[in-house]
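Note that this is a predicted model, so its numbers are computed, not measured. Labels below follow one simple rule: chain letters A, B, ... track the order of the sequence lines, proteins then strands, and each chain is numbered from 1.
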Number of protein chains: 2
Amino acid sequence: MADSEVHKPEKHIIPLTLTTLKAACSQCNLRELCLPYGLSEPEIEQLDSAVGARRRIKRQQNLYHAGEDFEAIYAIRSGFFKTDVLLEDGRNQVTGFQMAGEILGMDGISGETHTCNAVALEDSEVCVIPFSQLEQLSREIETLQHHFHKVMSREIVRDHGVMMLLGTMRAEERLAAFLLNLSQRFTARGYSPAEFHLRMTRDEIGSYLGLKLETVSRAFSHFQEDGLISVQQKHIVILNHAGLKQLLNHQPN
Amino acid sequence: MADSEVHKPEKHIIPLTLTTLKAACSQCNLRELCLPYGLSEPEIEQLDSAVGARRRIKRQQNLYHAGEDFEAIYAIRSGFFKTDVLLEDGRNQVTGFQMAGEILGMDGISGETHTCNAVALEDSEVCVIPFSQLEQLSREIETLQHHFHKVMSREIVRDHGVMMLLGTMRAEERLAAFLLNLSQRFTARGYSPAEFHLRMTRDEIGSYLGLKLETVSRAFSHFQEDGLISVQQKHIVILNHAGLKQLLNHQPN
DNA sequence: GCAGCTGTTTGATCTGTGTCAATGCGAATT
DNA sequence: AATTCGCATTGACACAGATCAAACAGCTGC
């Protein structure tokens, strides 16, 4: 869709010309959610110059694969991703869903190799931030350094939340937590808190939540029967936010 | 045990005198596992001066509590910790076990507040590294900055591994993975890969692995029947390392 | 319009792990 | 040596969610 103008066949890199460069961070309306958060105007312009390029990823294509060399982290400009890990024996699990303003690729820093796959769930665009440049810049700009540390730490805290979910919650609680989390993140991006389109399949939701797709489907149906949500395929309307929240705090034992 | 010499009643802080200061990192035999990894001698001495103090934590005491202000991260000098998260409804989960050379507290960076509890499972000692000083120093020392980023990233990768375990593995696979992981970490610290003492209870293992303590106990017994390990309360001997590993790759479906 | 595909829903049954309960063991205290 | 207390083990049974299976919906391409 309006994509055919880009045709460097390998990887759809959009080299930053003077005009696109200008647009990198300083013109970006995700500034407040993304890496530049808290930076002053001149600092943002420095960051602009570090952002190497933008890259378009079509639906179902990988931004990176597990095993590839790590060189950059990515800020999602638009679109929607999942990350997943593959075990030797073939089992795999979705470790997260990422949306605009969020950062992808930090798993690769530790071993200089990506440890998971990042796959676009819809046509997407990311800003490529070469990691060595980010490190250099964050040695110069204290605010950037601090904010990047917060971003990494937030990922750790998020992961702990998922561990909690997988370790202690029952199927319907997991799905309720998942929906509320999506709602909250869409809201932060200016979309409706109550109505949205799921970009992922039941199977992918199940993988993320440690459930089988049938269980996810049944939980959706049950929520609908109870008037908590309306589901039609991937179209979700949250009818009773508080009711969903209650599911989480209501302790069975 | 030989602990009564320390008696500043609040929090057992050991102020760094000239002699103890010298010992902070440059004299520490965990250098290679810990933050100073890769630093030159003079750089290590700079790091020494940033390490504020050491602190002793007795068994069952908290290094920090969820909700407390975040000011420092901690490097474990000796001992053994668990971290756990508490949900409003009272459910809680162990999110990790940490041993000498590992870093605690990075969850607190994002919100300037600790998000979990860190509890000593045996009498322990940590180095207190005030975070603002670490940030300042890592703006000056590129190697330190890079290594700190790796440490944070490693925590993310570790968490993904736990998510994998919780999301896709069966009870016995989880326990096998847990034992192999402990074995590997003890080995890296110069202890026996095959024989060790568990510092945590069955309940804590279960919480970490998303299982009930009875299930953990049964899995231990089963491993013993199969000659994979010998268990006697908290004393573990791994008799068949390869056999445990096989449990992980053997895919049921 | 129809065929074929992918993803979803729903039902029937099976099973791994949770739950409840009793017993056992070891370390600390007296 | 006896008592207590916190953990650990083991058994019997229940149940949430997995598995297997069939039907269905929506989309793409012909």
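Scanning all heavy atoms of the two residues, the minimum distance from B:Glu173 to B:Leu248 falls at O-CD2, 3.2 Å.
Where A:Gln233 and A:Gly210 each meet DNA chain D at their nearest nucleotide, the meeting point lying more 5' is that of A:Gly210.
A centroid separation of less than 6.0 Å is found between the aromatic rings of B:Phe97 and B:Tyr208.
For D:dG17, neither phosphate oxygen OP1 nor OP2 lies less than 4.0 angstrom from any side-chain nitrogen or oxygen of A:Arg218. One finds a side-chain N or O of A:Ser221 lying less than 4.0 angstrom from the OP1 or OP2 phosphate oxygen of C:dT10. Distances shown here put every side-chain N or O of A:Thr201 at or beyond 4.0 Å from the OP1 or OP2 atom of C:dG7. Within the 4.0 Å cut-off from OP1 or OP2 of C:dT19, at least one side-chain nitrogen or oxygen of B:Lys212 is found. Taking side-chain N and O atoms only, B:Ser217 has a distance below 4.0 Å to OP1 or OP2 of D:dT9.
For the pair A:Glu155 and A:Arg158, the salt-bridge criterion is met [side-chain N within less than 4.0 Å of a carboxylate O].
When each of D:dA18, D:dA8, C:dT9 is scored by its nearest atom to the side-chain atoms of A:Leu213, the top-ranked nucleotide is C:dT9.
Atom CD in A:Gln60 sits roughly 13 Å away from atom P in D:dT28 (whole-Å rounding). Rounded to whole angstrom, the span from the NE2 atom of B:His235 across to the C1' atom of C:dC25 amounts to 17 Å. Taking atom CD on A:Glu172 and atom C1' on D:dA16, their separation rounds to 10 Å, with Å as the unit. Here D:dG17 presents its P atom at 13 Å from CE of A:Met169, a figure rounded to the nearest Å. Residue A:Lys234 contributes atom NZ, which lies 11 Å from atom C1' of D:dC27 at whole-angstrom precision. Atom CZ of B:Arg202 and atom C1' of D:dT10 are 13 Å apart (whole Å). In this structure, B:His222 atom NE2 and D:dG11 atom P are separated by 13 Å, rounded to whole Å. Taking atom CD of residue B:Glu214 and atom P of nucleotide D:dT10, one finds them 13 Å apart after rounding to whole Å.
A donor and an acceptor atom, one from each side chain of B:Glu225 and B:His222, are nowhere located under 3.5 Å apart.
Classified by interplanar angle (parallel below 30°, tilted 30° to 60°, perpendicular above 60°), the ring pair A:His114/A:Tyr64 is parallel.
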